[in-house]
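Here is the naming used below: chain letters follow the sequence lines, and residue numbers restart at 1 for every chain.
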Number of protein chains: 2
Amino acid sequence: MPVSYAAPDAESLYPVRGVRLGATEAHVRKPNRKDVLVMELAAGSKVAGVFTQNRFCAAPVILCKEHLAGGHEIRALLVNTGNANAGTGEDGLRHARESCEALARLIGCAPEQILPFSTGVIMEPLPVDRIIAGLPAGIDDLHEHHWLRAAETIMTTDIVAKGASRQIALGGRTVTVTGISKGSGMIHPNMATMLGYIATDAAVSQQALDSIIDHAVNRSFNCITVDGDTSTNDSLILIATGRSGNDEIGPADDDYVRLRDAITDVAIELAQAIVRDGEGATKFMTIQVEGGRDQAECRKVGYAIAHSPLIKTAFFASDPNLGRILAAIGYAGIEDLDVSALKLYLGDQLVAEHGGRAASYVEEKAAAVMQAAEITVRVDLNRGEAAATVWTCDFSYDYVKINADYRS
Amino acid sequence: MPVSYAAPDAESLYPVRGVRLGATEAHVRKPNRKDVLVMELAAGSKVAGVFTQNRFCAAPVILCKEHLAGGHEIRALLVNTGNANAGTGEDGLRHARESCEALARLIGCAPEQILPFSTGVIMEPLPVDRIIAGLPAGIDDLHEHHWLRAAETIMTTDIVAKGASRQIALGGRTVTVTGISKGSGMIHPNMATMLGYIATDAAVSQQALDSIIDHAVNRSFNCITVDGDTSTNDSLILIATGRSGNDEIGPADDDYVRLRDAITDVAIELAQAIVRDGEGATKFMTIQVEGGRDQAECRKVGYAIAHSPLIKTAFFASDPNLGRILAAIGYAGIEDLDVSALKLYLGDQLVAEHGGRAASYVEEKAAAVMQAAEITVRVDLNRGEAAATVWTCDFSYDYVKINADYRS
């Protein structure tokens with residue numbers, strides 16, 4: 001079961017004026033499950049996106065980047081699960097284009113106004129005919145209240161649907177921010193995450209929207225890892241429909257920070273939900289690294305700890321075998337690190353200083369901290385003012401089981 | 001059980017003139033097991049070493065480097081298991097010095113002529129009194145024929161003792177090269193490995209010995225990974241006693257290459273044995289990356305594949321879910337990689353080209369290859385002449401079990 005996370009109620013995901021969502025069973029890979037999602041956006045919506053930096057990026061990622069870079073007004077998003085359409089070469093690109101063309105014909109826009117997304121098995125041909133055949137049913141299903149249904153549709157090895165929502169008052173108007181995400185394995189986003197879609201009905205300038213997505217992703221999806229594998233398909237999309245009736249928000253406006261922070265909150269909740277639902281996860285770990293010369297070296301240390309199978313299995317076992325954390329800090333790649341200057345904490349307890357175990361350390365107390373479902377590891381590098389946080393989960397028998405069985 | 005590897009017979013590990021080995025049960029961590037090893041070297045022996053680059057390197061590693069850098073003639077090596085004496089601060093250094101002093105007194109040399117080594121749990125105080133108390137019994141046990149006994153003594157989570165031996169004729173004399181190693185988890189050597197000791201009775205100049213150890217380690221211990229965790233204690237020691245009676249070999253001599261290659265062969269066998277005995281391993285995987293611009297980028301790709309938990313679990317399951325390999329190549333960090341130019345092979349079978357699955361690919365054939373205990377993955381980056389090989393193992397339930405239970 002996910003760590004301290006349950007699927008949201010349908011009512012807790014507020015509709016976003018100007019966004020309608022529809023799902024259908026297109027039998028992409030398996031029968032009897034919703035696997036195609038259409039998100040229709042009102043005319044005039046603005047869209048920003050960040051995508052995987054994996055060189056083997058999927059065909060739909062290539063098309064998304066093209067359509068956004070071309071400045072086309074985006075009118076719909078099309079998502080399928082069951083097949084990643086990655087490692088599929090020229091055929092994959094053709095299939096992604098065909099699916100955009102089909103949806104564009106049905107809703108009456110140009111193919112460049114569609115953003116396509118795929119998630120699932122890599123290096124298998126996309127069953128594009130079945131996806132296209134399912135589109136009319138997806139369009140019939142379009143509704144403003146279908147956010148939870150959409151979150152369920154984009155799940156793969158996820159156990160729970162992931163969604164988050166906020167409402168804030170901006171300039172006398174109620175503005176809604178609602179988002180959904182999916183992801184559970186192959187999670188180590190680099191500039192983006194698995195799939196995440198966040199929409200607001202606020203009116204926002206394109207420049208402000210681009211700035212907000214950078215801010216939000218660097219504090220959310222770029223801080224999580226399950227297994228260190230950066231996917232071929234990671235995408236985060238931020239939509240602003242402008243239907244709330246507020247004046248358009250630019251980067252210098254007073255409301256900019258409030259909207260940015262609401263969107264960032266939703267992004268953090270969605271990103272953490274992916275870790276809480278990490279494949280086989282039984283623990284949610286927050287790795288706080290502070291006192292670094294710059295954020296990059298803090299992130300190196302945070303990810304060295306978060307990626308170590310030895311540390312992740314020790315947390316699974318609730319065993320305070322914390323020397324493994326010192327080892328990870330030591331190989332994180334900071335050449336001139338003075339190990340005698342740093343401090344390691346588990347929860348509130350000082351574990352190590354002066355290059356070794358702290359005199360005040362009591363293993364029984366550490367063992368008690370390790371029993372909890374949520375654990376914070378804090379490293380003070382004591383050489384600067386920068387900090388970074390990484391969220392991750394432990395490594396259990398079930399991780400092996402899920403990934404040994406995924407295709408079968 | 002280790003993958004295609006059994007412990008060597010005592011008779012297959014030829015004695016090296018000038019090296020005597022003795023073991024004892026000092027009860028460092030657990031009773032009823034040999035856990036302290038003394039290796040005594042004849043006067044005039046030359047020694048070279050390479051060590052972990054982990055910034056949290058263990059106290060004995062610091063002392064080894066000091067003693068070697070000081071140019072002292074090394075007369076003995078002292079190894080304990082059960083405790084790594086790493087993350088132990090100033091106390092750890094003092095304990096390591098005390099153990100060197102005690103052994104030096106007993107065999108009649110200076111403390112700087114001893115090299116100390118520790119392996120086991122990190123961040124716990126070394127029980128130096130018990131180690132010192134065990135030294136007389138270790139010295140009583142010294143014998144040229146005790147190589148297998150020595151290999152058994154340095155095991156931790158290893159299932160089998162690891163040793164390799166060669167004899168070659170140099171200048172009319174028979175020269176012996178014999179080595180032992182230990183290691184099974186926390187294996188991702190960076191300039192060295194777990195513990196490895198290789199000795200020859202050849203006479204070799206210090207310059208030639210230094211050159212040989214670099215050559216050998218870069219083709220053996222620096223090509224393996226089990227879990228990507230670089231240990232705090234990795235050490236490889238190469239000893240030349242000069243007792244075979246050959247003329248001293250310099251880097252330009254004809255015999256240099258033959259000796260170097262014999263030592264490299266032993267190093268490769270010892271390094272591969274560590275992977276074959278990797279924690280929970282059921283498969284031995286050779287990752288060959290070729291066609292790179294330089295060796296560094298080939299190694300990046302090799303290690304991205306070898307470290308991916310998704311790939312390692314798929315190999316455990318014998319599931320040819322090979323898209324995961326494309327994803328790992330894509331995130332290995334080659335910025336300008338042209339994914340449409342590379343080729344991926346499983347065994348002899350072409351899996352992917354032109355950015356997608358090869359037309360000739362037959363999954364049933366790949367599935368048959370995946371059933372084998374030894375599997376070769378080959379990547380041709382098709383952008384240069386450089387190549388690199390990485391050896392690794394799969395990721396099984398038993399890896400989690402071993403590391404969740406290691407301390408208990």
By a 4.5 Å heavy-atom criterion (distance strictly below it), what part of [X] contacts chain B: side chain, backbone, both, or neither?
X	result
A/Ser318	neither
A/Ile334	backbone
A/Glu335	backbone
A/Ser340	neither

[X] [atom1] to [Y] [atom2] distance, which is reported to the nearest 0.5 Å:
X	Y	atom1	atom2	result
B/Ile122	A/Asn321	CD1	CG	7.5 Å
B/Leu326	A/Met123	CG	CE	5.5 Å
A/Asp338	B/Arg55	CG	CZ	8.0 Å
B/Tyr331	A/Phe56	OH	CZ	13.0 Å

Problem - A/Lys365 atom NZ: more than 12 heavy-atom contacts under 6.0 Å - result: no
Problem - CD/A/Glu90: more than 12 non-hydrogen atoms of other groups inside 6.0 Å - result: no
Problem - 4.5 Å side-chain heavy-atom contact, B/Arg357 and A/Glu124 - result: yes
Exercise for the section: Could you tell me whether the side chain of A/Tyr399 reaches within less than 4.5 Å of the side chain of B/Thr313, counting heavy atoms only? Expected result: yes
Exercise for the section: Could you tell me which of B/Gly356, B/Ala352, B/Gly330 has the largest number of non-hydrogen atom pairs under 4.5 Å with chain A? Expected result: B/Gly330
Handout entry: Whether B/Tyr397 and A/Tyr397 hold their rings parallel, tilted or perpendicular, with breakpoints at 30° and 60°
Key = tilted
